[in-house]
Amino acid sequence: HGVLALFEAVKERSDMGGTGMIRIRRVKNRLSKDYDAESRSVGYRDLAILVEVGWQASKGGAIEFVPVKDWGKGTSRHICEIQVHVA
């Protein structure tokens with residue numbers, strides 16, 4: 001529950017035009033007690049968060065992440081999935 005709250009805070013910060021470095025695209029909360037893991041995923045549970053990052057390559061080839069509010073022409077983007085598992 002704490003991890004999801006952290007990502008929600010990051011999302012709010014980015015959505016408000018702050019200095020957030022990621023944009024949350026989707027959250028699948030299979031850790032929720034409301035999720036029927038037995039019938040939907042053979043008991044499998046996790047928290048999957050799709051995040052989008054923006055970056056630019058400098059002339060020297062270094063990669064620099066760009067805050068969401070500064071995404072524009074010349075900013076490349078990548079979507080990745082972060083999975084949180086309970087052991």
Side-chain angles (χ1 to χ4, degrees):
H1 184 65
V3 173
L4 183 56
L6 169 69
F7 277 95
E8 288 297 331
V10 168
K11 178 182 185 320
E12 183 177 313
R13 185 171 154 190
S14 292
D15 288 349
M16 292 187 323
T19 58
M21 301 298 275
I22 66 172
R23 176 177 288 153
I24 295 180
R25 304 305 276 174
R26 182 175 16 166
V27 175
K28 290 183 183 178
N29 186 0
R30 294 186 205 83
L31 296 175
S32 171
K33 60 185 171 186
D34 298 329
Y35 179 74
D36 184 4
E38 293 304 318
S39 69
R40 298 184 74 190
S41 61
V42 193
Y44 179 79
R45 291 185 172 274
D46 74 349
L47 175 65
I49 304 166
L50 290 179
V51 298
E52 184 177 18
V53 295
W55 54 275
Q56 293 179 342
S58 69
K59 292 184 192 253
I63 300 294
E64 296 182 13
F65 288 100
V66 178
V68 173
K69 68 181 179 82
D70 296 330
W71 289 1
K73 192 173 185 176
T75 302
S76 297
R77 298 185 205 178
H78 184 78
I79 295 178
C80 36
E81 181 176 77
I82 299 170
Q83 295 180 347
V84 179
H85 300 266
V86 178

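Scope of the values below: all heavy atoms of this structure, side chains included, with no hydrogens, waters or symmetry mates.
Atom-to-atom distance recorded for Met21:CE and Trp71:CH2 is 9.5 Å, nearest 0.5 angstrom. Separating the CG atom in Leu47 from the CZ atom in Arg30 is a distance of 9.0 Å, to the nearest 0.5 Å. Rounding to the nearest 0.5 Å places NZ of Lys28 at 9.0 Å from CG of Asp46.
Looking only at side-chain heavy atoms (C-beta outward), Asp70 and Thr75 stay at 4.5 Å or farther from each other.
Other residues, nucleotides and ligands place more than 12 heavy atoms under 6.0 Å from the NE2 atom of His85.
Not counting sequence neighbours, the partners of Glu52 by the salt bridge (charged side-chain N to carboxylate O under 4.0 Å, His left out) test are Arg25, Arg77. For Ser76, the side chain to side chain contact (heavy atoms under 4.5 Å, CB included) criterion is met by Trp55, not counting sequence neighbours.
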Under 3.5 Å, sequence neighbours excluded: what are the donor-acceptor pairs made by side chains of residues 58-65?
residue: Ser58; atom: OG; partner: Gly60; partner atom: N; Å: 3.4
residue: Ser58; atom: OG; partner: Ala62; partner atom: N; Å: 3.2
residue: Ser58; atom: OG; partner: Ala62; partner atom: O; Å: 3.4

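A continuous path of ILVMFWY side-chain contacts below 4.5 Å connects Ile82 to Val53, so both sit in one hydrophobic cluster.
When all heavy atoms of Ile22 and Val68 are compared, the closest pair comes out as O-CG2, 3.5 Å.
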